[in-house]
Amino acid sequence: MKVIVAKDYNEMSKKAAQIIAAQITLQPNSVLGFATGSSPVGTYQELVKKNQAGEIDFSEITTVNLDEYRGLPKEHEQSYIKFMNDNLFDHVNIDKANTYLPNGMANNPEEECARYDALIESLGGIDLQLLGIGHNGHIGFNEPSDHFENGTHCVTLTERTIEANKRFFASADEVPRQAYTMGIGTIMAAKKIVVVVSGEDKADAVKNCVEGVITPEVQGSILQLHPDVTIICDEAAYSKLK
Ligand code: F6R
């Protein structure tokens, strides 16, 4: 695991965008795995700047997102598809037909999970996966558990995650209770992984993922077993690492 310390959120975002831009330059038809939430917003802003400056080209890029809330229609302000359009896809020269997320409105969760796994497999897997880390160490919406799930599955969000995500909704009651998430097996099969983490409130999660015991109680701890992970932390998130 490579850990890069950035001065602050902006520097973290710039460093992450540089790595993703290099991936796009080296392999213009890359499959990029993307995340939502606060952590990658600055990274997406930097990628938009680079695209608009003509430094990187998204025309042959395909994207697959980690997760989507179950039960939120695409048009909902807080759906992850809307997040991706607002923060990245609407501002770069990507073909939206090549951008994929789980369908939060699917009628049959099992079929939807199988469809998403088959889709990722048909794309040949993920070349570079961008991740954030939850306070409980979750990656995607793989919440603390007694095992690691391999493929896409429908999860019940923990109270801690609902609490953390209520800032985007009118109240905690409006946060969906379930979400579809890529499994740990799919994330770990990505060729490269880049993690962005900032803020003192994430310092314990970073410590547990980077230096802790590898356990499904801290799903991100499994990243220690991946051969090509770069974690970019700001100084606050880095502060508890030895
Ligand atoms: C988002 C995702 C989550 C977030 C994590 C951190 O697609 O899969 O694992 O990366 O909850 O969220 P933020 O960045 O909002 O602190």
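One-based numbering, in listed order, for ligands and for the atoms of each.
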Asker: Could you please provide the protein residues found below 4.0 Å of ligand 1 on a heavy-atom basis, arranged by chain and number?
Answerer: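 Residues A35, T36, G37, S38, S39, L66, D67, G132, I133, G134, H138, G140, R167, K202 each place a heavy atom under 4.0 Å from ligand 1, listed by chain and number.
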Asker: What salt bridge (charged side-chain N to carboxylate O under 4.0 Å, His left out) pairs are there with at least one residue in residues 112-136, not counting sequence neighbours?
Answerer: E112-R115, D127-K191
Asker: Which donor-acceptor pairs under 3.5 Å do the side chains of residues 129-136 make with protein atoms, sequence neighbours left out?
Answerer:
residue, atom, partner, partner atom, Å
Q129, NE2, G33, O, 3.4
H135, NE2, D201, OD2, 2.7
N136, OD1, H138, N, 3.0
N136, OD1, H138, ND1, 3.4
N136, ND2, E143, OE1, 3.1

Asker: L26: what forms a side-chain contact (heavy atoms from CB on, under 4.5 Å) with it, not counting sequence neighbours?
Answerer: none
Asker: Please determine whether a side-chain nitrogen of the Lys or Arg among K49 and E46 lies less than 4.0 Å from a carboxylate oxygen of the Asp or Glu.
Answerer: yes
Asker: Locate the shortest heavy-atom distance separating Q224 from C209; write the atom from each residue and the value.
Answerer: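 Shortest heavy-atom contact: NE2-O, 2.8 Å.
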Asker: So among T63, T43, L128, I126, which one has a side chain to side chain contact (heavy atoms under 4.5 Å, CB included) with F34?
Answerer: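 Among T63, T43, L128, I126, the one that satisfies the side chain to side chain contact (heavy atoms under 4.5 Å, CB included) with F34 is T63.
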